[in-house]
Undergrad: 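Below you will find the structure I want to go over with you.
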Number of protein chains: 2
Amino acid sequence: MAQRGSYAKGVAKREEILERALEVIAREGYRGASVKELAEAVGLSQAGLLHYFDSKEELFTEILRKRDEVDSRQFGPMPEVAEATHLRSGFVGIIRHNAEVPGLVQLFSRMAVDAADPQHPAHRYFLDRGDSLRETFVEALRELQRRGELTDVVDAGVLARIFQAVADGMQLQWMQDPSIDMAGTVSALFDALDPRNRKDPDE
Amino acid sequence: MAQRGSYAKGVAKREEILERALEVIAREGYRGASVKELAEAVGLSQAGLLHYFDSKEELFTEILRKRDEVDSRQFGPMPEVAEATHLRSGFVGIIRHNAEVPGLVQLFSRMAVDAADPQHPAHRYFLDRGDSLRETFVEALRELQRRGELTDVVDAGVLARIFQAVADGMQLQWMQDPSIDMAGTVSALFDALDPRNRKDPDE
DNA sequence: GTCTATACTCGGATAGAC
DNA sequence: GTCTATCCGAGTATAGAC
């Protein structure tokens, strides 16, 4: 099951399910939802939904994957965001968008914790996602450093980790108190790390 | 119950239980532990343990509180860490210490997600803890800004949020991959935000 | 392919004996 | 104050009919 190779089982339907699940969770939130709840929201019985996935954990992992896929379509493929000039606006834009879909933020954070267990289906997902995110970042950050728009006191790889951590950490704060400005705070970090903002007034 | 007022029920024992729980979780890790598991590890039956707490959620919330209490004893009371000069070393020290107690990091992160629900007993805990952490930080950060050791491009309150987010976010990354250097990365952020590191070589 | 029905497990809570 | 025993609900997974 779940294998796309050979003659996969209802791949199209599967994708459709994931997209619907995504909408539902984004709109109605995620509170440790059970398979049954999600199934009904998607218009299937619990058993019917699990027909397409091996387990609950796999199901939710696939939802996260689908989300990345959808996002990267909407916000332009990563390569584009990767361009140094658009890194900041692209990143901040995604975060601003996330503030519109609290359910997905919760799902992501919850899974991130559960997936700490190397046995969890989402474990590899998070590792790979982190790697690729930082890869994209490092490239763009290096370019910014070359241009003198970003501090070069710290290695770009470390800065990439920091940006990732800030984004994830701000989500935690925001879940407790949705009134805070996730995107604005991350944006401020770019300012704080821009050496040009610190030249003496008599430039 | 759980009220310290009037004639509390075995307050001493309660505290002892929390301290033991802390040790056990720190040492043996936390994998969404059940009350029963924890109870046995602490030398009680499930019912025996729940005699001291209203519910599982309340129990684990209290464990987090106890942890803060213990930590603040070990690392000097917050007021001391709050001193600008020691902010960085104090903060980084705590993070380094956290890397020695993975179970507590997991418990904290897990609870942070669950407590997004305003009904959760730990909801207030996280709000208050965040407030007080940032309060402490803001004071010290302002002093650093005055001394010219920290960028003043961004408001100290925002910087405080950023530091909190980085610490929390690095924990998530570290749970996935314990080989990364949480403390070192946070430390690097201090460097990156220090304007003195950016003066021209011909100072 | 999808449903209904059910089996099974786990975990939290509670009653009641000692 | 602590235990044993039990209850109950939730939730996943699976069997089997249609």
Undergrad: Taking the six-membered ring for Trp, are B:Phe75 and B:Phe91 ring centroids under 6.0 Å apart?
TA: no

Undergrad: Is there a ring pair (Phe, Tyr, Trp, His ring centres under 6.0 Å) between A:Phe60 and A:Phe53? Walk through the geometry before answering.
TA: CA-CA 9 Å; A:Phe60 282 101; A:Phe53 304 89; 9.4 Å; no

Undergrad: According to a strict under-4.0 Å criterion, is B:Lys36 in side-chain N/O contact with OP1 or OP2 of C:dG11?
TA: no

Undergrad: Looking only at the side chain of A:Ala47 (C-beta and beyond, no hydrogens), which of the listed nucleotides D:dA13, C:dA5, D:dC3 gets closest?
TA: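 The listed nucleotide nearest to A:Ala47's side chain is C:dA5.
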
Undergrad: Any N or O donor-acceptor pair under 3.5 Å from the base of C:dG11 to the side chain of B:Gln46?
TA: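 For B:Gln46, whose side chain was compared with the base of C:dG11, there is no donor-acceptor pair (under 3.5 Å).
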
Undergrad: Looking at every strand, decide which applies to B:Ser34 at a 4.0 Å heavy-atom threshold: base, sugar-phosphate, or nothing.
TA: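 Here B:Ser34 touches the backbone only, sparing every base.
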
Undergrad: Could you state the atom-to-atom distance from NZ of B:Lys13 to P of D:dC3 in whole Å?
TA: 8 Å

Undergrad: Of all the nucleotides listed (D:dC3, C:dT2, D:dT12), which has the minimum atom distance to the side chain of A:Tyr52?
TA: C:dT2

Undergrad: Of all the choices, C:dC3, C:dG12, D:dC3, which nucleotide is nearest to the side chain of B:Leu44 once you look at every atom?
TA: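 The listed nucleotide nearest to B:Leu44's side chain is D:dC3.
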
Undergrad: Could you give the CD1-to-P distance, from B:Ile17 to D:dG1, as a whole number of Å?
TA: 10 Å

Undergrad: Do B:Phe190 and B:Phe163 have ring centres separated by under 6.0 Å?
TA: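 Between B:Phe190 and B:Phe163, the centre distance is under 6.0 Å.
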
Undergrad: Over how many whole Å does the gap from B:Glu37 atom CD to C:dG11 atom P extend?
TA: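 So the CD-P distance, B:Glu37 to C:dG11, works out to 6 Å.
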
Undergrad: I need the CG-P distance between B:Leu38 and C:dG11, as an integer number of Å.
TA: 13 Å

Undergrad: Please report, rounded to the nearest Å, how far the C1' atom of D:dA13 is from the CG atom of A:Leu50.
TA: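 To the nearest whole Å, that distance equals 7 Å.
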
Undergrad: Please find the pair of heavy atoms, one from A:Ala84 and one from A:Ala140, that lie closest to each other, and give the distance.
TA: CB-O, 3.7 Å

